[in-house]
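Written out below as structure tokens is the structure these notes cover.
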Amino acid sequence: MTDRETWETLGRQLRIDSIRASSAAGSGHPTSSMSAADLMAVLLERYLRYDFKTPDLSTNDHLVFSKGHASPLLYSMYRAAGVIDDEALLSYRQHGSRFEGHPTPILPWVDVATGSLGQGLPIAVGIALAGKRLDRLPYRVWVLTGDGELAEGSMWEAFEHAAFAGLDNLTAVIDVNRLGQTRETMHGWDLGLYSRRLTAFGWHVIEVDGHDVDAIAAAYGEAVGVTGRPTAIAARTVKGSGVSEVADRNGMHGKALDAEHEERALAELGAATHARLTVAVRTPQADSRPYRFPVDHLDLPQYERGSMEATRRAYAEALVALGHARGEIVALDGDVDNSTYTELFEEALPERYFEMYIAEQQMAAAAVGLQVRGWIPFASTYGAFWSRAFDFIRMAAVSRANIRLAGSHAGVSIGPDGPSQMGLEDIASFRTIWGSTVLYPSDANQTAQLVAAMVDRPGVVYIRTTRGTTPVIYGPDEMFPVGGSKVVRSGPADVVTLIGAGITLHEAIAAADRLAADGIAARVIDLYSIKPIDAATIAAAARETGRLVTVEDHRPEGGLGEAVIGALAGESVQARVVRLGVSNMPGSASPEEQLADAGIDATAIVAAARELLRR
């Protein structure tokens with residue numbers, strides 16, 4: 001067969017298999033798969049460089065399906081490449097199958113989970129950044145995106161950053177099939193509009209007929225030759241292409257064909273006489289090792305007991321020390337590095353620092369992309385601003401991604417900036433993430449130890465730091481295992497337990513001093529690991545004192561207090577618990593005034609403890 005005949009035959013096969021898989025499941029997105037079949041047929045047969053037998057080969061290209069709902073097409077490509085059989089393909093969406101409704105890294109050829117639209121391209125930017133600046137390898141990153149997801153602002157964060165970074169190893173293939181889930185997209189088939197916008201963003205743009213395989217091949221060839229900027233291929237396609245009953249028909253999104261319609265569709269595609277193709281996908285020309293940065297010994301910062309230090313600065317200083325010792329550690333920041341102090345990392349290790357600007361979704365996505373390539377990303381911003389990227393963080397867990405996130409300026413204790421800058425919901429949101437770790441250090445030495453513990457911690461790991469300085473109460477050699485806590489003060493006469501973390505631990509210590517002056521013995525627990533939580537220590541305190549006061553610079557919902565109650569429930573221990581948190585809407589005030597107004601300062605803790613003792 002000629003190249004054209006091969007590509008057209010393969011495109012037809014991908015349509016046939018997409019229909020078969022989704023019809024067998026009784027659900028799926030066959031029409032979204034069919035529109036991009038020709039685009040992927042040419043890519044798979046000619047331009048993708050990938051060794052399916054060695055998916056972790058460092059020089060493999062990366063293929064990201066940003067339009068993850070087109071999973072029948074992706075799995076049909078695997079079938080065409082000969083790496084799965086028909087039984088596996090037809091297990092699509094079945095219980096226990098690895099071939100889920102949207103792709104996840106359960107499959108060795110899938111880098112990241114997609115399906116929450118607007119995420120694949122931003123993550124691909126992270127992979128491409130790794131290729132250009134860190135791995136220094138010639139692999140390419142190919143992204144299949146839908147036109148509908150271009151309504152997501154995160155896509156434009158990605159378009160802008162990719163052009164700014166000169167990612168000529170990145171190609172976005174935009175499947176402009178005109179139809180979304182319920183109606184026509186905002187811009188239909190107006191390729192000129194997409195082209196003008198992407199050109200203005202700094203991309204090289206190629207417009208093609210997405211069903212003309214020769215034009216597609218020429219576009220890919222052109223993209224590979226572009227230097228200095230990324231390439232977007234805007235392809236005009238027909239949703240449901242190849243089957244007249246569903247082609248360009250609104251209302252067919254996400255609908256598998258029933259038996260009668262499947263039979264007619266497969267007949268129209270010539271499935272009965274189709275001779276199956278198995279594609280010999282080209283492998284990379286050579287296997288080269290990624291670049292590795294020189295390293296030195298680890299020398300974590302140490303702080304003198306009794307001094308005053310900000311945990312946000314201790315976080316950054318520890319990160320610099322770890323960066324010197326571990327060449328795979330990289331840092332990202334969202335234009336607040338003089339507040340998070342990651343400017344220290346940039347000064348010390350500029351080749352491994354990524355300024356992501358005020359684009360938290362792109363920053364979270366870049367972290368996910370960087371870890372695809374084995375790098376260890378630490379991304380930092382204000383705790384409040386991670387809420388913008390929550391869906392990316394949620395999907396990072398679905399991707400089984402290992403990322404470390406830092407949120408500074410947490411709580412009302414930041415003072416006069418006001419509520420827009422105060423992270424008051426971050427503990428709750430990060431606790432809900434599957435497999436996550438949530439840490440909240442109280443002093444500088446503890447912070448340094450916890451940052452070191454984050455490096456090899458799997459999953460989404462979040463550390464919450466404080467803007468203002470706090471007393472250093474621990475020695476530099478004390479250990480703080482994840483999942484542990486510190487009993488700061490205890491005795492056999494304890495009648496109440498005060499539990500805090502971060503800024504509120506110091507308020508709890510002050511409250512214990514006041515109570516002790518009145519002859520009331522209070523235990524104090526530093527709950528620096530909120531998830532996983534030290535349930536045994538909390539349960540012991542509940543059994544021995546019978547009364548707990550939890551105090552947090554955070555909303556009461558979903559935070560430290562609820563974590564403690566959950567731990568008690570898990571241990572089947574009963575105790576009286578008072579939860580102090582930020583229930584008011586703060587304004588501008590000094591840190592001390594903010595803590596008092598929120599009812600989480602030492603005075604409020606003393607009052608809560610006294611009330612518990614009166615009951």
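All values below come from the heavy atoms of this structure, side chains included, with hydrogens, waters and symmetry mates left out. If you're wondering where the values come from, they're calculated on a predicted model, not measured in any experiment.
- With respect to the salt-bridge test (charged N to carboxylate O, under 4.0 angstrom), the residues R431 and D426 do not qualify.
- Both the sub-6.0 Å distance and the 45° axial angle are satisfied by R133 relative to the ring of F354.
- Between D175 and K67 there is a salt bridge, since at least one side-chain N of the basic residue sits less than 4.0 Å from a carboxylate O of the acidic one.
- Side-chain N or O atoms of S18 include none that pairs as donor or acceptor with a backbone N or O of P30 at under 3.5 Å.
- Ion pair R140/D61 not flagged as a salt bridge, since none of the NZ, NE, NH1 or NH2 atoms sits closer than 4.0 Å to an Asp/Glu carboxylate oxygen.
- At least one donor-acceptor pair under 3.5 Å links the side chain of T6 to the backbone N or O of T2.
- Between R178 and D147, none of the side-chain N atoms (NZ, or NE/NH1/NH2) sits under 4.0 Å from a carboxylate O, so this pair counts as no salt bridge.
- Ion pairing between a basic and an acidic side chain is recognised when a charged N comes within 4.0 Å of a carboxylate O; R229 and D168 show no such pairing.
- In this structure, a donor-acceptor pair under 3.5 Å is absent between the side chains of E360 and W386.
- Salt-bridge check for D135 with R289: failed, with every basic side-chain N at 4.0 Å or more from each acidic carboxylate O.
- Ion pairing between R4 and E8 holds under the 4.0 Å rule for side-chain N and carboxylate O.
- Proximity of a side-chain donor or acceptor of S32 to a complementary backbone N or O of H29 within less than 3.5 Å is not detected.
- A donor and an acceptor atom, one from each side chain of Q119 and D391, are located under 3.5 Å apart.
- Under the 4.0 Å criterion applied to side-chain N and carboxylate O atoms, E268 and R264 are not assigned as salt-bridge partners.
- For the pair Y92 (side chain) and S71 (backbone), a donor-acceptor distance under 3.5 Å is absent.
- Remark: side-chain polar atoms of R373 are paired, donor with acceptor, to backbone N or O of S58 under 3.5 angstrom.
- Side-chain N/O atoms of D190 and H187 include no donor and acceptor closer than 3.5 Å.
- For the pair S154 (side chain) and G118 (backbone), a donor-acceptor distance under 3.5 Å is present.
- Surrounding CD of Q285 are at most 12 heavy atoms belonging to other residues, nucleotides or ligands under 6.0 Å away.
- Centroid-to-centroid, the aromatic rings of F390 and F392 stay 6.0 Å apart or farther.
- With W189 contributing its side chain and T237 its backbone, the two residues share a donor-acceptor pair below 3.5 Å.
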